[in-house]
Enquirer: 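Take a look at the following structure, please.
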Amino acid sequence: MHPPSRQDYISINFAGQGSGSYNNSKQWRRQSCWRKWKQLSRLQRSLILILLFICGIASYPAVTEQLRGLTDGDPETDSNSVFPHVLPEAVKQDQPPLPEPTSQRKLSNRRGPPVLQNRLQKKENASNTVVEDKASDNKKEGEEEEVISRRGPEGPKDGENKEGSPANQKVQLSIQSANWREAVQEAFRHAWKGYKDFAWGHDELRPLSKSYSEWFGLGLTLIDSLDTMWILGLKEEFEEAKTWVATELTFNKNVDVNLFESTIRILGGLLSTYHLTGDTLFLDKAKDIGSRLMPAFNTPSKIPYSDVNIGKGTAHPPRWTSDSTVAEVTSIQLEFRELSRLTQEPQYQAAVAEVMKQVHKLNGKLDGLVPMFINTNNGQFTHQGIYTLGARADSYYEYLLKQWIQGGKKENELLEDYLQAIEGVKNNLLQKSSPNGLTFVGEVSHGQFSPKMDHLVCFLPGTLALGAYNGLPADHMDLAKQLMETCYQMYIQMETGLSPEIVHFNMHQGSTRDIEVKLADRHNLLRPETVESLFYLYRFTKDQKYREWGWKILQNFNKYTKVSSGGYTSINNVRDPDYPSPRDKMESFFLGETLKYLYLLFSDDPNLISLDQYVFNTEAHPLPIWPSN
Ligand code: DMJ
């Protein structure tokens, strides 16, 4: 190969020269340019080449931007319009569109490379997490906050490219909660079917024997369920029950009733149904039962007896003692105070206020913690030395706070007693389990700590959260969250996923499990306390996990306690999923409380029984917070 000659060079660059096309001006211009170029010195040519090179570099971003579509252009073809427009638009919408079409549109509009889409998705998830973490514990109800949890089976998780924008996640969660509410309505209807078919007008359903049991003979389940049906929107069922109240219910009966139980379930149920419906039928019935319960206060000490004959107007303590239970005599106040306000008859409020006044002054408390019994003759605590937040003391603490809230936060003695008691809990009853460090509330028996906790204690997270929401110390909310976790563990650590009545926590190093259950404590009575607390915790934190926990619990009730012919049953053994051993009894509080709190937990409307307007009695019957004068 020889080097190209000048001739060769020319012939290559001007191939068409001999074709007689000089008339072609473009070619002629090229030829003359070439001639001029050749006339330049080597240095001049180099300088020009360098200049051209620099101009090329300077214009590069514009070129690459054009290629990447980052400049303004035709909106149809400009890929830049995809990212900034579609996603924020969806976020901005007040009424988000239905999830399927929205997500499809968004995904089909995403024309960026997959890597970029994923990065965008991660950013969205990260911002959700931040909002969730910032959820304020003390936010007032109704101050809607967009909190999308990353937890949960259907909820998007970190790094997961699922359903996109916060608005879409919000829509998905609201569809989920609607489904869960429907499941609660279904559960209620199923329970009600059993009650209607086999126990109509009686106290409790026995779903297996398809019969009923009587306690007071006053249609306890029906009355306890009235406001639940109203809240769940079960109008037909409500109307049927109302007709029974109007035509069949009479308190003019020669029966002994327990003062506390009939106050919280019957008086409380009638008062709340009156408030929700405005129907005076329920107020009239409430006045009737309220006045018939008053003989219980005719005692030497004014501490009421446990039992009243509502037909004869006589009262007495249990046959074996002259003591009453502390929780019972101190957890009837919300109802009698409200009855006085509605009727303008002061005797009801006066009677229950006297009890509180005496208990406030009594000796024998441990840092504000009360013993379990009080004597109706001398008004003193008896059987001293046992301090618990469980059976026989539980709702004393609950009603200290709730009376204070009901009365507009003015009654300082109630608040003082409550705050002191919570300090007492912290100092004497709070411990951590081993190996996982679950915070639990044990008991003190004659100076000895016992790591025993009743399921009943699981009202406490909800009550603590309610206090914090009403301005009490923020560390009450921290404790509420810890105890909530423990109460949930009491469910999921069991083979049926349902809590036993009582658990014992391991505290020694080297334990392999946190929770032990004695043979005699393995029953589950369909109690509400844990789902009650989940309701409060969700209302105040909007943390989706509390709803998911409630949903699991409902599913386990359906799995292990639902009776096919209608109704739900208490079970004997939460540790045997193959044979949980049904007890053949559906307690009235399953409909009055458990299903109501589950429904409210899944409700997206903070005004459905707003906690700024209502306070729940200990049987889940909402009573109004008194308007301030
Ligand atoms: C209900 O009657 C009330 O919640 C009461 O305060 C405790 N016991 C039952 C539910 O467990």
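Computed from a predicted structure; not experimentally measured. Numbering of ligands and ligand atoms starts at 1, following listing order. Note that the numbering runs from 1 along the sequence shown for the chain.
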Enquirer: Go through the structure and list residues passing side-chain contact (heavy atoms from CB on, under 4.5 Å) with Glu328, not counting sequence neighbours.
Expert: Asn258, Phe260, Ser306, Thr325
Enquirer: Pick one: which of Ser213, Ser211, Ser588 meets side chain to side chain donor-acceptor pair (under 3.5 Å) with Glu204?
Expert: Ser213
Enquirer: Does a salt bridge link Lys452 with Glu443, judged by any charged N lying under 4.0 Å from a carboxylate O?
Expert: yes
Enquirer: Could you tell me which residues satisfy side-chain contact (heavy atoms from CB on, under 4.5 Å) with Leu415, sequence neighbours excluded, listed by chain and number?
Expert: Trp404, Leu419, Leu472
Enquirer: Is a donor from one side chain sitting under 3.5 angstrom from an acceptor on the other, for Asn572 and His523?
Expert: no
Enquirer: List for me each residue that meets side-chain contact (heavy atoms from CB on, under 4.5 Å) alongside Ala421, sequence neighbours excluded, and say none if there are none.
Expert: Tyr397
Enquirer: Tell me which residues fall inside the under-4.0 Å heavy-atom shell around ligand 1.
Expert: Ile264, Arg265, Leu456, Arg527, Pro528, Glu529, Phe589, Glu593, Thr618, Glu619
